[in-house]
Student: 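Below is the structure I would like to discuss, written out as structure tokens.
When a ligand or atom number is given, it counts from 1 through the structure's own listing order. Count residues from 1 along the sequence.
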Amino acid sequence: MDQRPIGVMDSGLGGLSVVRLMRQRMPHESVIFVGDQGHFPYGTRTQDEVRSFALTIGKFLVRQNIKLMVIACNTATAASLTLLQDKLPVPVIGVIRPGAEAAVSLPYHDRIGVIATESTTKDGAYVRTIKSLSPQTTVVAKATQPLVPIVEHGQTGTPKAQHAVDKELALFKQHPVDGLILGCTHFPFLTKEIMNTLGKSVAIIDPAGETVQLASRILTKHDALAPQDQQGQLTLYSTGTASDLAKGARQWLGDSNLTGEHLALF
Ligand code: DGL
């Protein structure tokens, strides 16, 4: 048993799509979330920049006495997972391998699409990981960076959001896929729009599911799950405007009591 919190980070509120599942499936775990809104978006930055932001946040989370860190950001996972695993004294997991594993375990996975930020797409981490797990799978990767600010700025569910999704996913009409990985943690909040565009025959893969399972497996292995009589607490920090993060969290986590705190880390 270990009542210490799990640390979670993203460039913005996308990482809440992972926190949401964590709260559902691991309700006893406390979570400290850092949204690096001060540097949002990560997807158009260099990997060196993202690596240094992620390491600073990781060190902060370690000072908060976390037992595990989840990089709930594909861009930061591609840029910094191995560095953080090397530098931090706690287990660190990312979202890319879990997402790739979920895709290749679909009954049909001959053709898999991946939508992600510019940086993740350029890095090629999804293509490499999927190919290593299933060499015969064809991967259609598309950078859809314009969808990120739509989520971050609360414009989901609007005609503007649907129009942007239609435009960004047009490629998958010419190149149909069996499943589409939401390779940016902001995108699960656009699932409705994405399903409207692609139709029901395309499986939508949110890496959050496998990521939370992996977190649970690691904690179980280390006998570090939270006590069953503990009610998990969520602490929200933003390096930008804390009230924006709290507003998103109240919306996406369905908890009207959530508040956020500004974190002057940089
Ligand atoms: N949510 C992040 C990801 O999963 C990054 C989005 C961004 O800041 O560009 O890649």
Side-chain angles (χ1 to χ4, degrees), residues 7-22 33-54 56-58 69-81 84 92-100 102-103 113-129 141-156 161 164-165 168 180-191 194 204-212 214 236-241 244-245 248-249 251-253 266:
V8 181
M9 72 156 290
D10 182 33
S11 64
L13 53 78
L16 295 175
S17 59
V18 177
V19 172
R20 178 173 62 173
L21 263 190
M22 229 173 223
F33 179 82
V34 178
D36 192 9
Q37 271 93 356
H39 296 117
F40 173 88
Y42 278 3
T44 49
R45 291 184 177 271
T46 66
Q47 286 202 321
D48 275 349
E49 283 177 299
V50 172
R51 216 170 274 137
S52 118
F53 301 150
T56 302
I57 292 169
M69 176 170 177
V70 180
I71 307 175
C73 172
N74 294 265
T75 310
T77 298
S80 71
L81 178 63
L84 268 58
V92 182
I93 63 171
V95 281
I96 292 182
R97 192 172 173 99
V114 184
I115 51 171
T117 63
E118 277 173 23
S119 172
T120 305
T121 308
K122 198 164 131 210
D123 177 86
Y126 268 107
V127 180
R128 277 196 307 277
T129 313
K142 166 85 166 71
T144 58
Q145 187 71 39
L147 302 184
V148 179
I150 288 182
V151 175
E152 188 68 24
H153 301 137
Q155 293 165 332
T156 57
V165 169
E168 294 298 316
L180 180 73
I181 300 178
L182 307 182
C184 168
T185 50
H186 281 71
F187 299 165
F189 297 133
L190 281 169
T191 299
I194 291 169
I204 304 294
I205 302 146
D206 176 357
E210 295 282 326
T211 304
V212 171
L214 176 60
L236 298 168
Y237 289 111
S238 171
T239 61
T241 310
D244 288 349
L245 174 62
Q251 177 185 0
W252 295 116
L253 304 179
F266 295 93

Student: I'd like to check whether Gly43 has a polar contact with ligand 1, where a contact means an N/O of the residue lying under 3.5 Å from an N/O of the ligand.
Tutor: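 Min N/O separation from ligand 1 is below 3.5 Å for Gly43.
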Student: Any atoms of ligand 1 less than 4.0 Å from a non-hydrogen atom of Ser11? List them with their elements.
Tutor: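 By the 4.0 Å cutoff, the relevant atoms are 5 (C), 6 (C), 7 (C), 8 (O).
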Student: Please confirm whether Gly12 approaches ligand 1 to less than 4.0 Å, judged on its heavy atoms.
Tutor: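 Distance cut 4.0 Å: Gly12 fails for ligand 1.
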Student: So for Cys184, does at least one of its heavy atoms come nearer than 4.0 angstrom to any atom of ligand 1?
Tutor: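 Contact present.
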Student: Among Val148, Thr185, Thr44, which one has a heavy atom closest to atom 6 (C) of ligand 1?
Tutor: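 It is Val148 that holds the nearest heavy atom.
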Student: Output yes when the distance from some N or O of ligand 1 to some N or O of Gln145 is under 3.5 Å, and no in every other case.
Tutor: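 N/O-N/O distance under 3.5 Å: yes.
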Student: Judged by atom type as modelled, is there a donor-acceptor pair below 3.5 Å linking the side chain of Thr185 to the main-chain atoms of Ala72?
Tutor: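 Between the backbone of Ala72 and the side chain of Thr185 there is a qualifying donor-acceptor contact (under 3.5 Å).
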Student: Evaluate the ring planes of Phe40 and His153, with Trp represented by its six-membered ring, and classify them as parallel (under 30°), tilted (30 to 60°) or perpendicular (over 60°).
Tutor: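 Geometry flag for His153 against Phe40: perpendicular rings.
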Student: Please verify the inter-ring angle class for Phe53 with His39; under 30° counts as parallel, over 60° as perpendicular, anything in between as tilted.
Tutor: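 The arrangement is parallel - the two ring planes meet at less than 30°.
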Student: Is the closest N or O pair between Tyr42 and ligand 1 shorter than 3.5 Å?
Tutor: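 Min N/O separation from ligand 1 is below 3.5 Å for Tyr42.
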Student: Where is the nearest protein heavy atom to atom 3 (C) of ligand 1: which residue, which atom, and how far?
Tutor: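 The closest heavy atom on the protein side is Asn74 N, 3.3 Å.
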Student: For atom 1 (N) of ligand 1, what's the nearest protein heavy atom and its distance?
Tutor: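 So the nearest neighbour among protein heavy atoms is His186 ND1, 2.8 Å.
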Student: Just by distance, no angles: are the side chains of Gln47 and Asp123 close enough, under 3.5 Å, to form a donor-acceptor pair?
Tutor: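 Yes, side-chain donor-acceptor contact under 3.5 Å.
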Student: Checking a contact table here: which protein heavy atom is nearest atom 10 (O) of ligand 1, and how many Å away?
Tutor: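 Among all protein heavy atoms, the one nearest atom 10 (O) of ligand 1 is Thr75 OG1, 2.6 Å.
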Student: Strictly distance-based, threshold 3.5 Å: is any side-chain N or O of Gln145 a donor or acceptor partner for the main-chain N or O of Glu118?
Tutor: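 Flag set: sc Gln145 to bb Glu118 pair under 3.5 Å.
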Student: Can you confirm whether Asp36 sits close enough to Thr56 that some side-chain heavy atom of one is under 4.5 Å from a side-chain heavy atom of the other?
Tutor: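 Result no, sub-4.5 Å side-chain heavy-atom pair not found.
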Student: Are the side chain of Arg45 and the backbone of Ser119 linked by a donor-acceptor contact shorter than 3.5 Å?
Tutor: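 Pair absent, no side-chain N/O of Arg45 close to backbone of Ser119.
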